[in-house]
Amino acid sequence: MPRKRYIQAINEALFEEMERDPKVIVFGEDVELAIFGDTRGLLERFGHDRIRNTPICEATLAGMAVGAAVTGYHVVLHMMFSNFIYTGFDAIANQMAKLRLMTGGQIELPLTVIAGYGGGRSTAAQHSDTPHPLLMNLGGVNVLVPATPADAKGLLKQAIRTKNPSFFLEASGRGGDSGEVPDGDYTVPFGRAAIARAGADITMVAIGSMLKPALSAAEKLNLAGIDAEVVDPRTLVPLDEQTIVGSIEKTGRAILVDEARDRCSAASHIAAIIADKAFSSLKAPIKRVTVPNVSMPYAPNAESRVLPSEDRIVQIATDLVRSKQLA
Amino acid sequence: MPRKRYIQAINEALFEEMERDPKVIVFGEDVELAIFGDTRGLLERFGHDRIRNTPICEATLAGMAVGAAVTGYHVVLHMMFSNFIYTGFDAIANQMAKLRLMTGGQIELPLTVIAGYGGGRSTAAQHSDTPHPLLMNLGGVNVLVPATPADAKGLLKQAIRTKNPSFFLEASGRGGDSGEVPDGDYTVPFGRAAIARAGADITMVAIGSMLKPALSAAEKLNLAGIDAEVVDPRTLVPLDEQTIVGSIEKTGRAILVDEARDRCSAASHIAAIIADKAFSSLKAPIKRVTVPNVSMPYAPNAESRVLPSEDRIVQIATDLVRSKQLA
Amino acid sequence: MNPTNEQLVSLFERMTLIRLMEERLRADAGAGRLPGAVHLYIGQEAVAAGVCANLDETDWITSTHRGHGHFLAKGGDPKAMMAEIWGKRTGICKGMGGSMHVADLSKGILGANGIVGGGFAIATGAALSAKLSGNRRVAVAFFGDGAANQGVFMECLNVSTLWQLPLVFVCEYNHFCEFTPTVTVTAGEIADRARAFKIPCEVVDGNDVVAVWKAAAQAIEWARSGKGPAFIEAQTYRIQGHLESEDLFLAGGKYREKQEIEEWRKADPISRLAKLLVSMGVRTAVQLDDISTKIAGIVEDAVRFAEASEPADPELTFEVMFAGQKP
Amino acid sequence: MNPTNEQLVSLFERMTLIRLMEERLRADAGAGRLPGAVHLYIGQEAVAAGVCANLDETDWITSTHRGHGHFLAKGGDPKAMMAEIWGKRTGICKGMGGSMHVADLSKGILGANGIVGGGFAIATGAALSAKLSGNRRVAVAFFGDGAANQGVFMECLNVSTLWQLPLVFVCEYNHFCEFTPTVTVTAGEIADRARAFKIPCEVVDGNDVVAVWKAAAQAIEWARSGKGPAFIEAQTYRIQGHLESEDLFLAGGKYREKQEIEEWRKADPISRLAKLLVSMGVRTAVQLDDISTKIAGIVEDAVRFAEASEPADPELTFEVMFAGQKP
Ligand SMILES: Cc1ncc(C[n+]2csc(CCOP(=O)(O)OP(=O)(O)O)c2C)c(N)n1
Ligand SMILES: Cc1ncc(C[n+]2csc(CCOP(=O)(O)OP(=O)(O)O)c2C)c(N)n1
Ligand SMILES: [Mg+2]
Ligand SMILES: [Mg+2]
């Protein structure tokens, strides 16, 4: 399989889906010149009717996406940084997530919102949030957090073929990461976690951007004789509880790694599921490695202090496995 | 102690704090005639400079609260129904919750946002959300969920004396509930849970509106020989983890009752804390009684189907205690 | 251009249908027979009727929390609407939406909306959809004078003017935002905000259905012919309270004089149209009474249908959240 | 009224300080010495300087992501700003905020803001605060031509006009929103949106500091004397890219002609002012060079100070989130 960059995989998915279906349109601020690179080249290929720059007005963009989707287009709305989701949050939380139920199921809402999330590049508090927990709580939107180029492409294509609103969250700092991407047309189904690394001693559930540090932590742990399984949920709504629970049943120990702030994070929620559904398999407390309940500071050293790190994962995993088994 | 209605306790807190401190101002849509009753009479007493109706523009109201607070007022912003928080979410999530950190601690943000939450009166999807999980995840705002008139008054007074932003969430359907309210001036500190009922067999953590069904469930369970402890966190940010963990250490079993949607709920988060910090005391899986991941339907029967009920709590608690002990 | 005589008669029929449906809702709400809040349109019928008479079934409208009139004017089924408000499974939204969310996609009714200002962007999206597909459809955004203070109004003026979208803004200046007189929360003239975009703007007597009809015919034609958006402000008056049983909320508070209501009753749009029809010799008073009697029968049928229908299906909540996906 | 000769000289000094600080930031950003994104104000100095010269230290401003100029013009300390951008603990925000968040409350600088349109409502809140306390302060909201498409602009025009708040809107029409020419996303004239509220509006040559100064003097006096808000549009040009190293983002894409930049360089506001000072005989060219040399020394000192300072204190993140409360 050819290796491709994360952002390139996303770009390919957009190209292919726009080729496939003339009803797919893309809009957002600065999508024509593509500040992240993911929409690059679409304008030249598909023209202004199908991809266009918008004014800066997220409240309207999100609502417009709903209106265009309900009336027959598959809208891909690019919201740039995740923090701007808040600016359009009314239409997201009050309309997009609720309109289908409120109409008694009369409508379809084929729309995909793309936004970059997370820290690591000193973009400071207003450009570094990881907002999947808020979206997960809304109930009415899918939440996709691809960690690899292959999943990015496959999930985005799946999102664009789905009749429900989906948030496709791309790790802002990871556009350059590369990985193998299958040739040809394929999709990745929602709600199927991937076992990124099989292991026997402990399960790490690593979300999106956290897969990379979790995998390298697993390698380090391996040297110390600890065999970690790494589960990548890939989509948070829907969530593949079965694979997660299955892994804990095997290993008996869980660490949830999430770049969201800790309180009511995906890590919290997955911990709650495990504590409910895999309780009898648990040999140790369930641990979360998350961002503390603070805003992202600017200075690189302060930012590293709050972002989950490989070292922190290794430390906690080691403690967990070494500590007296409880069951 | 005199008995007072929930809404009356809130009204008293506003009166007393506005009397105490001339820098306390109240604004919001329709606060003069007080659609919920909580701001009733303030206009006659304090005049238009200190309480005023605003245009309908939540984005601006939330940002204006930040601007007025930073420059010396203690703002009480009434946002009516919690769903309208989303309309003002940019200023809440990107400014209110982050500004202090971003300025390196230069500012104080003495402001209180009031909003009614929850279902039960067929107000349908856009007027029934329970958004505390989203606010908890922001990191930068306190989240208060008083369940009793006494706590409502004491927490609101505390919020108005605090230099940090606080969301005071009142259960929309509970304005008429009455309870004993201490005479005279008092406050309820943030981050101290209340043991609403002491018990030995199982801990129910019941949030805000859920205290009432949890307490009545506890009475029913009592008849069945199950002695439930009911913990009311009172504030979700800050959260009194110690009292919650202490209770589980005593009972070994936990049910979290929350009117929020399940995914990334406060219930999830408290479950995660218990699974981490009280693991060795646990005798049974941790259970959540929450709203399923749907929008609130309109029809009364459909609404009851999704709201946590006394019966559901009793059922789950009974199963939990009766099932084989695991540790 | 003027409406033909037969068009005038059908306007009379439509307005009478709206009025009688709502008079009945008023009675049933007062008797406590309806779940949830009911916001009545009584006195404003000329606006919905006058505008929608110029629309095709395939055109789109977005409406407000006060949406019964728009629903019926655009051809929504009285039975299905009534059953919806009663929370029945035969309701247009199967009891999931209720009064504030009546929608019929097959009639281009994208929905009433519980969020003030929530319809602007949805209508803009629908207009974008029309423009892109070249189907010559038009979208109409109905909104209140209060909603004109939400920033999305300006955002959608900008986007629709910029892209020359077939969108008609219809502001119903009914003098109130809940219990707040609009004039106390609105600076300048609402129409001037639209004029700033140099689009066609008309301010008309909203209780004169002929005036509304003429302005709408022009605006809709303008939009349909690809020239971009247009704006109409219809000056009218909300005869009923903000919601039924508002006295309970007001607890003795007052925001308008009885006298003022009585003055406006004299300008009742239906009586005015009746007088016109009689004076023009199009119909006699007796003939008009016959029409009203016939329509009263339709209303009676609708109520009987609603009453006789089964309550909503609670399990449907889970089925309609997503298209082909579990919540 | 015209600025005095000495005022002109001090405008020259201030503009030169901004320019030289930013030229230095440009070099350091290019060399990869600065964390995060840097948005430069080069070419727009006359706006910040001309406006802020008419403000008292106790007046308030809100700024944008492009905020260095406003910070320095309002009297912010060059050393503390430079150290902030370098991510040092001696920074004005202790390294927590960075380039996009420079703020100095002691100078009335409520902060640069990473959210486009984020300053409007904060400034409105500050103006409300001024009005209520009768302290005769004024608030100025600086914002870009792109931000003028955010609905909060209209909302704040409405609120401030309605309540006659001492607020001055200053729109910097620099022709771009990131890589999008403003004209392609803006319908009509921005100033007309303000004119709709019948407040004083002036459109001035933003590269002519005298014109800016005069318009600002009038607008600020208007606001200070209790007459309500005023609006200024300053037409200028963004000489640098949207952010430094924008070529990396553009990957060969193009949104303007080099030629256009060169044309605007000829209208450089600092050279124009220098020419004026010389032609008026206020200072000789040599004297102006001396001033520039002196200011270059200040910049040099600021850089040395920043470089020599300790990195930010990561633990501070936890201390500054809240006032007197753990996160
Ligand atoms: C975003 C939002 N804010 C506040 C409300 C509460 N609310 C419901 S109706 C209303 C007044 C609306 O006034 P207007 O737009 O004039 O419509 P009218 O009721 O007069 O038809 C308000 C404030 C809401 N539903 N949504
Ligand atoms: C709410 C929001 N949306 C989008 C962005 C991304 N963004 C940063 S600057 C910018 C363009 C702003 O243009 P303008 O207001 O004219 O300011 P200028 O950069 O020209 O100074 C955009 C879209 C943002 N920071 N905030
Ligand atoms: Mg109104
Ligand atoms: Mg600009």
Side-chain angles (χ1 to χ4, degrees), chain A residues 7 27-37 39-41 43-44 48 52-61 63 80-81 83-84 86-88 90 119-129 175-176 261-263 291-307, chain D residues 34-37 65 84-89 91 93-101 113-118 144-153 177-182 184-187 242-243 246 249-255 311-318 320-322 326-327:
Chain A
I7 210 71
F27 59 77
E29 296 155 19
D30 252 350
V31 289
E32 295 174 12
L33 276 176
I35 195 153
F36 291 163
T39 54
R40 188 156 297 147
L43 177 64
E44 291 71 15
H48 263 117
R52 61 170 77 183
N53 285 351
T54 65
I56 306 169
C57 54
E58 289 80 7
T60 286
L61 302 185
M80 211 180 308
F81 287 95
N83 286 66
F84 314 154
Y86 306 147
T87 320
D90 176 68
R121 294 160 310 129
S122 276
T123 50
Q126 289 174 335
H127 288 71
S128 302
D129 268 5
R261 266 184 291 277
D262 186 58
R263 238 183 254 117
V291 168
N293 297 306
V294 295
S295 300
M296 199 62 80
Y298 166 73
N301 62 334
E303 199 179 19
S304 318
R305 165 72 181 80
V306 304
L307 285 171
Chain D
L34 306 177
H65 55 287
E84 183 61 30
I85 299 171
W86 281 71
K88 300 304 181 75
R89 72 181 62 186
C93 304
K94 303 195 167 73
M96 296 288 120
S99 165
M100 273 195 282
H101 305 292
N113 209 308
I115 297 300
V116 171
D145 39 2
N149 289 327
Q150 290 280 26
V152 280
F153 174 37
C177 315
E178 294 189 351
F179 311 144
T180 303
T182 304
T184 64
V185 288
T186 307
H242 167 60
L243 76 178
E246 79 169 11
F249 291 86
L250 286 169
K254 205 174 82 171
Y255 61 94
D313 172 8
E315 297 312 314
L316 196 78
T317 312
F318 299 86
V320 299
M321 266 302 284
F322 284 120
K326 294 255 151 306

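Numbered from 1 within each chain, the chains take letters A, B, ... in sequence-line order. For the numbers below, each heavy atom of this structure counts, side chains included, while hydrogens, waters and symmetry mates do not. The shown structure was predicted, so the numbers you read here are calculated from the model rather than taken from an experiment.
Residues that satisfy the side-chain hydrogen bond (donor to acceptor under 3.5 Å, both in side chains) test with A:Arg263, not counting sequence neighbours, are absent from this structure. Residues passing the ring-ring contact (aromatic ring centres under 6.0 Å, His included) test with D:Phe249, sequence neighbours excluded: none.
Taking chain A as the reference chain and counting heavy-atom pairs below 4.5 Å, the highest number among D:Gly151, D:Cys93, D:Ala251 is found for D:Ala251. Considering only heavy-atom pairs separated by less than 4.5 Å from chain D, the leading option among A:Leu33, A:Asp30, A:Asn293, A:Ile35 is A:Asp30. Interface check for chain D: of the options A:Gly37, A:Pro55, A:Ser304, the most heavy-atom pairs under 4.5 Å are formed by A:Pro55. With chain A as partner, the option from D:Gly97, D:Gly253, D:Pro311 having the largest number of non-hydrogen pairs under 4.5 angstrom is D:Gly97.
Atoms CE and CE, from D:Met96 and A:Met296 in turn, are 12.0 Å apart once rounded to the nearest 0.5 Å. Taking CD from D:Glu178 and CG from A:Asn53, the interatomic distance works out to 9.5 Å, rounded to the nearest 0.5 Å.
With a 4.5 Å cut-off on non-hydrogen atoms, A:Phe84 touches chain D through its side chain but not through its backbone. Only the side chain of D:Glu315 comes within contact range of chain A, judged by heavy atoms closer than 4.5 Å. No part of D:Thr186 comes within reach of chain A, as not one of its non-hydrogen atoms sits under 4.5 angstrom from that chain. Neither the backbone nor the side chain of A:Arg52 comes within less than 4.5 Å of any heavy atom of chain D. Contacts of A:Thr87 with chain D are made by side-chain atoms alone, with heavy-atom separations under 4.5 Å and no backbone atom involved. Heavy atoms closer than 4.5 Å to chain A are found in the backbone of D:Lys254, but not in its side chain. For A:Glu32, no part lies near chain D; criterion is any non-hydrogen pair under 4.5 Å. Proximity to chain A (any heavy atom under 4.5 Å) is shown, for D:Ile85, by both the backbone and the side chain. When heavy atoms are compared at a cutoff of 4.5 Å, A:Ala59 does not approach chain D at all.
Looking at D:Asn113 and A:Gln126, their side chains come closer than 4.5 Å, going by heavy atoms from C-beta outward.
Using modelled atom types, no side-chain atom of A:Asn301 and backbone atom of D:Pro314 make a donor-acceptor pair closer than 3.5 Å. With hydrogens and angles ignored, the 3.5 Å screen pairs no side-chain donor or acceptor of A:Tyr298 with any backbone N or O of D:Met100. Of the possible polar contacts, none joining the D:Asn149 side chain to the A:Ile56 backbone as a donor-acceptor pair under 3.5 Å is found.
Of all non-hydrogen atoms in A:Cys57 and D:Gln150, the two that sit nearest each other are CA-OE1, 3.4 Å. Considering every non-hydrogen atom in both A:Ala299 and D:Gly87, the closest pair reads CB-O, 3.5 Å. Pairing each heavy atom of D:Met321 with each of A:Val294, the nearest pair is CG-CG1, 3.4 Å. Taking both residues in full, the closest heavy atoms of D:Thr317 and A:Ser295 are given as CG2-O, 4.1 Å, listed atom of the first, atom of the second, then distance. D:Gly114 and A:His127 get closest at one heavy-atom pair: O-CE1, 3.2 Å.
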